[in-house]
Structure formats: C-alpha cells, structure tokens
Peer 1: 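Here's a structure for you.
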Amino acid sequence: MKTLAQHPLLRLLPAACALTFAAAPAIAYDFPGCMARMRGDAVKRGISSATFDKYTAAFAPDLSVLDFLDAQPEFTTPIWDYLAGLVDDERVADGRAMLDEWRDVLQKVEARYGVDAATVVAVWGVESNFGRSPGKRPLLTSLGTLACAGRRQDYFRGEFLSTLKIIDEGSIPAERLNGSWAGAFGQTQFMPSTFLRLAVDFDGDGRRDLVDSAPDALASTANFLNKGGWRSGETWGFEVVLPAGFDASVAGRKNKQPMATWVARGVKRADGRALEADGTARALLLPAGREGPAFLVGKNFDVIYGYNAAESYALAIAHLSDRLRGGGEFRTPWPTDDPGLSRAARRELQKRLIARGHDIGDPDGMIGEKTRRAIAEEQKKLGFPPNGRASRKILAALGG
Ligand code: CA
C-alpha cells in the first residue's frame with residue numbers, strides 16, 4: 001500500500017518549493033547517530049549485520065527528498081486532465097500489446113489469484129507505464145534520508161529497514177532498487193513493506209523481483225488485489241446516467257446501496273443495458289459533480305482504491321481496464337469546454353512551447369513545473385487564465 005504522497009497527482013510536485021526550503025535556516029541532522037539507532041530494529045527483523053553495516057556505515061543522504069515531503073502543488077490538476085494523460089489511445093494500444101505478449105502468464109495469474117488480465121495490466125500501465133517508468137531515485141538514499149529527517153521518520157524508518165530486508169534476503173540487489181522519492185519502486189510501484197507482505201515469485205527463479213521480472217510483477221499485483229478482497233468475475237462498476245432532478249447528495253464511494261435502490265431512483269446504465277438488481281451493493285461516484293460522468297462502483301473499485309488511496313486513481317485503472325476489454329470512452333463528457341490532452345498531444349504542445357523559446361527540456365509528454373510555467377506565460381500573453389494547464393485550447397492557440 002502506498003502513501004497518499006505518492007499519488008500520481010502529487011508526483012507533479014513543483015521544484016519551486018525547493019526555493020522556500022533553501023531560504024529556511026539550515027537544520028543540523030545526525031545521520032550517523034540515526035543510522036546507529038536503527039541497528040536493534042534491524043536485528044529484530046533478521047537483517048544480517050553485514051548488510052546493515054554495508055548500507056548504513058557511510059550513509060550519504062539526499063536532502064532534496066525533504067522538499068517533496070512538504071511541497072504543495074502550485075497548480076491543481078482537474079480529473080479530466082489526469083485521466084486524459086493516464087488513459088489515452090497510446091496506453092490502450094500498449095496495454096493490448098502487453099495482454100498479447102504476456103497472455104500465458106496472465107492466464108496463470110488469473111487462475112491462481114482470481115484477478116483478470118485486463119485489470120492487472122491496467123494497474124501495470126498506470127503505475128509504471130508497463131515497467132518503463134519505475135522511478136530513478138536510489139531507494140536506500142531516499143528512504144534513509146526520510147527515516148532520519150522530516151516529519152514522517154517513524155514511517156520511513158520502517159520502509160528503510162524493509163528495503164534492507166529485501167536486499168538481505170537476496171530478492172533484489174541494492175543497485176536495482178530505484179523508485180519514486182518516497183520509495184515506491186519497481187513495475188508495481190510497491191512500497192518496500194508492501195513488497196515484503198505481498199510480492200511473489202511467479203517465474204520460479206526463487207527470487208521475488210518486481211524490478212526485472214514482469215511475471216513476478218503481474219502476479220504480485222494480482223496477489224495485492226486478491227488479498228484486498230477482489231471479487232472474481234465481478235465488474236468494478238459501470239457508467240450510469242441520472243434522471244433529471246436526481247438528488248446528488250446520495251453520491252459517495254462509501255454510501256453503498258442495493259441495486260434495487262438505484263433502479264428505483266431511475267438510474268440507467270450509460271451503455272443502454274438494463275440496470276439489474278443483482279444482489280450486490282454499489283455506490284454512486286460523481287468525480288466532477290452532477291454535470292459530469294456518473295458511475296456505480298462496487299467492492300472491486302474499493303480494492304483498486306486500496307492500491308493507491310485516490311478515487312481519481314482508481315477510476316483511471318478501472319477505465320483503462322474497460323478500454324483494454326474493448327470498451328469506449330465515457331459517454332457523458334467532462335463538464336469543461338477545455339478538455340485535457342493525451343500524452344501525444346502533450347508532446348506536441350511541448351514542441352510548440354520549445355519553438356517559442358521556452359527551455360523545458362525534451363518534449364516527453366510529462367507536464368512538469370517547467371512546462372506549466374511556460375504554458376502559464378503563453379496563457380498570459382493570450383489573455384487566458386494563467387493556470388498552467390496543458391489543455392486543448394492552449395494547444396490550438398499555439399498553432400501547428
Ligand atoms: Ca522470480
């Protein structure tokens with residue numbers, strides 16, 4: 001299970017906040033003393049002295065992770081931007097190729113854990129772009145720093161020691177353990193403690209390897225969902241249409257009602273199929289309020305939510321899984337006249353910004369702080385609200 005700080009939305013954290021921290025008075029940290037104080041806990045966890053000493057004796061912190069810990073996003077990301085980047089045609093095509101490539105493994109995974117291939121591959125695609133973007137920060141450095149500095153040291157001490165345990169048990173070598181600033185790593189983006197609880201060896205080489213083994217990663221994801229209470233053969237939910245005058249105050253993921261209640265309230269499936277009172281309880285989700293797409297979500301939506309506690313995240317996985325099964329886009333549009341962009345369109349926008357002299361690095365489709373600032377500058381020139389959004393209007397306004 002990941003921390004909220006690792007939610008994909010918050011991976012866009014601004015580098016600008018580093019300026020605030022740099023201006024603050026320097027704090028003296030005692031990393032050698034802090035490392036030494038963890039020895040007892042390491043012994044209790046069965047970590048060998050050799051491993052503990054090797055990675056703590058000359059520990060070199062990376063204080064830049066502290067900036068991420070307390071940073072607040074400067075720009076907000078509407079859910080339609082978030083989904084437009086995570087569930088685009090490119091990721092659907094890549095996901096279908098992966099379903100094909102790993103068909104045999106995925107069948108065995110489903111047989112063992114009861115989670116279907118499309119769901120497992122959707123998690124893989126959103127978490128690490130099918131293993132291509134697992135994160136680059138050395139885990140021991142980030143977690144060791146956060147274990148001894150900052151406001152969540154207790155939590156990160158546990159994750160640091162879990163990382164040492166992964167190395168000590170011979171699962172993954174230290175130099176392959178890279179991830180997000182907060183320690184989510186590998187193709188599944190598990191935290192180290194989650195790895196120890198739920199990672200499995202599925203390719204049979206005797207090691208649980210979520211970095212370099214796709215079968216281990218796919219099976220571990222399925223195991224995570226299985227242990228979270230996944231109901232085999234049940235849908236996460238589906239898009240619905242609400243009748244005029246519908247009282248939206250009943251919406252909320254935790255307010256599950258029998259399907260008969262939703263039928264009685266006049267809720268219809270968006271795909272035109274009959275809404276059946278099938279004995280399951282579901283909740284009404286309105287991610288953008290009454291005017292946007294509406295969904296009835298069940299237990300499996302909650303299980304996906306358990307992977308990364310954000311409804312927007314769970315909806316991205318759920319929607320991508322439907323797209324991988326051949327489903328289309330949502331029938332009700334998001335309530336905006338300026339929709340979000342796919343990664344391909346984001347790269348095109350970045351090219352147009354670069355052509356206008358903005359120094360934003362390579363056009364990689366990742367909307368980071370530099371791109372947002374460049375967009376905001378162009379928006380100001382055009383008299384648009386300078387919200388830094390990579391959206392259809394600014395793309396069109398910057399021409400072809
Ligand atoms: Ca393995």
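What's counted below: heavy atoms across the whole structure, side chains too, no hydrogens, waters or symmetry copies. Whatever order the structure lists them in is the order used to number ligands and atoms, beginning at 1.
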Peer 1: Asp205: which N/O/S atom is nearest the Ca ion (ligand 1)?
Peer 2: OD1

Peer 1: Rounded to 10 degrees, what angle sits at the Ca ion (ligand 1) between Asp216 OD2 and Asp201 OD1?
Peer 2: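 The angle at the Ca ion (ligand 1) comes to 110°, rounded to the nearest 10°.
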
Peer 1: Does Glu239 come within less than 4.0 Å of Arg269, counting only side-chain N to carboxylate O?
Peer 2: no

Peer 1: Counting the benzene-type ring for Trp, do Tyr313 and Tyr82 have ring centres under 6.0 Å apart?
Peer 2: no

Peer 1: Strictly by ring-ring contact (aromatic ring centres under 6.0 Å, His included), give each pair with a member in residues 355-377 just once, sequence neighbours left out.
Peer 2: none

Peer 1: Does a side chain donor of either Glu159 or Ser193 reach within less than 3.5 Å of an acceptor in the other side chain?
Peer 2: yes

Peer 1: Under 3.0 Å from the Ca ion (ligand 1) - does any N, O or S atom of Asp203 fall there?
Peer 2: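 Asp203 does place an N, O or S atom closer than 3.0 Å to the Ca ion (ligand 1).
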
Peer 1: Of the backbone and side-chain N, O or S atoms of Arg207, does one lie nearer to the Ca ion (ligand 1) than 3.0 Å?
Peer 2: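 It does; at least one qualifying atom falls short of 3.0 Å.
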
